[in-house]
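Computed from a prediction, not measured in an experiment: that's the story for all the values here.
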Amino acid sequence: MPITVCRRSNQDSLCQSLDITATALEHLPVHGLEYIQVLVAEKSYYLKKLPALDKLANLVEARLTYPSHCCAFTDMRLKDLELTVDYEYLCQPRTLRCNPEPDAFNPCEDIMGYNFLRVLIWFISVLAILGNAVVLFVLLTSHYKLTVPRFLMCNLSFADFCMGIYLLLIASVDSKTKSQYYNHAIDWQTGSGCSAAGFFTVFASELSVYTLTVITLERWHTITYAMQLDRKLRLRHAILIMLGGWIFSLLIALLPLVGVSNYIKVSICLPMDIETPLSQAYIIIILVLNVLAFIIICACYIKIYIAVQNPELTPTNKDTKIAKKMAVLIFTDFTCMAPISFFAISAAFKVPLITVTNSKILLVLFYPVNSCANPFLYAIFTKAFRRDFFLLMSKFGCCKTQAELYRVNNFTAYTSNCKTDSLYSGPKKSSRGDLHLTTFDGQYLSVNDKPACLDN
């Protein structure tokens with residue numbers, strides 16, 4: 001049975017040393033703590049919160065269970081209980097001795113170590129959630145046929161939406177525990193909240209990277225085999241491909257919950273535990289796969305650009321437009337993946353080049369770049385999405401003028417195409433450049449979205 005020991009001084013009956021080692025106490029006693037000079041609470045795993053610091057104002061030494069609790073005493077100064085004044089002691093106050101000391105993975109700071117990050121993470125999380133929620137809503141409520149590009153865009157938006165949820169969870173807990181994180185660190189990092197946040201971010205990150213790679217490969221395949229309709233990627237093929245991506249992403253996100261690395265190592269709930277060879281291999285495999293995905297994306301866009309070049313066209317016309325759009329897509333991917341992968345790989349090999357405190361800058365400024373940029377680059381900035389958006393809003397009595405313009409323009413364009421086709425009885429061929437520009441202008445628009453031509 002656990003025993004609480006109170007050692008008293010010879011001069012009075014006040015308790016100066018409190019030993020609650022290996023007990024099941026969840027809270028320290030309310031009264032008498034102001035006289036305690038030595039507190040021993042080793043292997044006291046149920047003691048996750050400390051009382052207000054003014055209750056332990058005379059503490060000289062603390063031997064605790066959790067390193068985060070020592071953060072509470074970092075700036076605490078000792079007071080002299082003796083009746084005689086020690087001039088040297090008053091001039092040179094000592095710092096309280098506390099063990100175990102915080103390590104590199106859990107420094108004495110809030111979840112967001114910098115105030116500017118605390119503001120940015122709210123802005124970025126809300127932007128990612130709203131942007132991807134709008135894209136999902138418009139795509140899923142559109143009356144147009146669900147095509148392969150639309151289906152892939154839905155998957156990408158959902159993955160990036162989950163990333164926004166992760167950032168919102170981190171921002172909320174940081175706001176709640178501001179300046180008191182040492183008292184909430186254990187409950188947060190070992191609880192279901194941090195596990196859920198870690199699962200969301202790993203699942204979202206891997207599914208987003210996987211879907212981006214599939215979208216890029218689909219574009220390359222469409223351009224390369226534009227004249228071979230029998231090799232066109234069908235929706236049933238895309239569903240099977242994405243099913244594999246979901247299974248892979250779920251598996252990768254679940255592994256830390258069953259002991260392969262874990263989400264409790266750091267306050268931002270990323271799988272940073274590399275103590276065992278299996279955990280180290282897990283982190284390295286994820287990083288290598290992400291780097292390979294980026295290389296595939298870059299290679300495909302380069303091949304696409306080469307394929308659509310037409311020597312008969314002026315370089316400042318279609319080629320320039322395509323090049324600019326591809327450059328933006330590759331740049332956002334690079335900005336997101338390069339710094340994260342570089343520092344993470346070095347840390348995975350136990351040669352860290354950046355502290356956890358500074359890694360939080362990468363978490364907020366670089367890690368979610370794709371989640372914020374993807375809904376705009378792949379959907380919101382495209383003509384097809386704007387058409388769907390205004391048509392949807394017109395159902396609710398808004399934006400009727402814009403919606404009518406899109407209806408008229410689409411009908412005019414389709415009628416013109418039908419008349420052109422009726423005047424030419426031979427096989428219709430589209431240039432690769434035209435096909436690819438259609439892909440970029442309407443990222444999730446397919447030829448199947450167009451109504452059939454009316455017979456004259």
Side-chain angles (χ1 to χ4, degrees), residues 66-68 70-71 100-114 117 121 162-163 165-167 169-171 173-174 177 181-182 184-209 249-291 336-371:
Y66 300 111
S68 59
C70 284
C71 294
E101 295 181 353
D103 56 21
F105 287 99
N106 292 282
C108 292
E109 63 185 22
D110 293 331
I111 296 180
M112 291 288 100
Y114 301 97
L117 292 181
I121 194 171
C162 290
M163 180 63 74
I165 295 295
Y166 161 73
L167 294 173
L169 279 172
I170 296 296
V173 175
D174 174 67
T177 62
Y181 183 67
Y182 62 84
H184 302 273
I186 308 306
D187 279 336
W188 166 243
Q189 291 180 220
T190 61
S192 58
C194 193
S195 297
F199 176 86
F200 267 116
T201 187
V202 173
F203 169 77
S205 176
E206 296 311 304
L207 184 60
S208 180
V209 171
S249 301
L250 286 171
L251 178 63
I252 291 296
L254 286 172
L255 285 177
L257 298 178
V258 295
V260 182
S261 191
N262 59 67
Y263 294 126
I264 69 175
K265 188 74 172 180
V266 293
S267 61
I268 52 179
C269 307
L270 295 178
M272 289 189 175
D273 184 11
I274 54 172
E275 296 301 321
T276 65
L278 185 59
S279 298
Q280 187 178 21
Y282 166 79
I283 300 297
I284 293 174
I285 289 172
I286 290 178
L287 295 172
V288 169
L289 288 176
N290 288 349
V291 171
C336 176
M337 298 178 64
I340 297 290
S341 300
F342 175 74
F343 290 111
I345 290 175
S346 67
F349 285 102
K350 300 184 178 181
V351 188
L353 301 177
I354 190 173
T355 64
V356 171
T357 301
N358 291 332
S359 70
K360 294 174 184 178
I361 299 177
L362 298 180
L363 170 74
V364 176
L365 296 183
F366 296 96
Y367 189 53
V369 165
N370 274 352
S371 298

Take L287 and I283 through the side chain to side chain contact (heavy atoms under 4.5 Å, CB included) test and state the conclusion after the steps.
CA-CA 6 Å; L287 295 172; I283 300 297; 3.9 Å; yes
Audit row: T201, Y367, side chain to side chain contact (heavy atoms under 4.5 Å, CB included) steps and yes/no:
CA-CA 10 Å; T201 187; Y367 189 53; 2.8 Å; yes
Could you check I186 against S68 for side chain to side chain contact (heavy atoms under 4.5 Å, CB included), going step by step and ending with a plain yes or no?
CA-CA 8 Å; I186 308 306; S68 59; 3.6 Å; yes
Going through the checks in order, is the side chain to side chain donor-acceptor pair (under 3.5 Å) test met by Y166 and S205?
CA-CA 11 Å; Y166 161 73; S205 176; over 6 Å; no
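Within the structure, no pair that satisfies the salt bridge (charged side-chain N to carboxylate O under 4.0 Å, His left out) test touches residues 250-261, not counting sequence neighbours. Listed by first and then second residue, the salt bridge (charged side-chain N to carboxylate O under 4.0 Å, His left out) pairs involving residues 336-348 amount to none (not counting sequence neighbours).
Residue L117 holds its CG atom at 8.5 Å from CG of L363, rounded to the nearest 0.5 Å. Residue C71 holds its SG atom at 10.0 Å from CD of E101, rounded to the nearest 0.5 Å. Note that CG of L255 and CG of L250 are 11.0 Å apart. Values are rounded to the nearest 0.5 Å.
For S195 (side chain) and S192 (main-chain N/O), no donor-acceptor pair under 3.5 Å exists by modelled atom type. Y282 contributes a side-chain N or O that, together with a main-chain N or O of I252, makes up a donor-acceptor pair within less than 3.5 Å.
Residues W188 and I111 have side chains in contact (heavy-atom distance under 4.5 Å, counting atoms from C-beta outward). Two residues are said to be in side-chain contact when any heavy atoms from C-beta on lie closer than 4.5 Å; L254 and L257 meet this criterion. In this structure, V356 and K360 have side chains that are in contact, with non-hydrogen atoms separated by less than 4.5 Å. You'll find the side chain of E206 reaches within 4.5 Å of the side chain of N290, heavy atoms only. Using a 4.5 Å heavy-atom cutoff, the side chains of M163 and N370 are not in contact. Residues T177 and D110 form no side-chain contact, since every pair of their non-hydrogen atoms from C-beta on lies 4.5 Å or further apart.
Contact record, Y181 with E109: CD2-O, 3.7 Å, taken as the closest heavy-atom pair. Y263 approaches A253 most closely through the heavy-atom pair OH-O, 2.7 Å. What you find for L365 and V369 is that their closest heavy atoms are O-CG2, 3.2 Å. For the pair P67 and P102, the tightest heavy-atom approach, listed with the atom from each and the gap, is O-CG, 3.6 Å. Between L362 and P368, the closest heavy-atom pair is O-CD, 4.5 Å.
Partners of D174 according to the salt bridge (Lys or Arg N to Asp or Glu O under 4.0 Å) rule, which considers only residues two or more places apart in sequence or in another chain, are R118. Applying the ring pair (Phe, Tyr, Trp, His ring centres under 6.0 Å) criterion to F366, with sequence neighbours excluded, gives no partner residue. Y66 pairs by the ring pair (Phe, Tyr, Trp, His ring centres under 6.0 Å) definition with H69, not counting sequence neighbours.
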Could you go through residues 267-274 and list every donor-acceptor pair under 3.5 Å that involves a side-chain atom there, pairing it with any protein atom two or more places apart or in another chain?
unit_1	atom_1	unit_2	atom_2	d
D273	OD1	E275	N	3.1
D273	OD2	N262	ND2	2.7

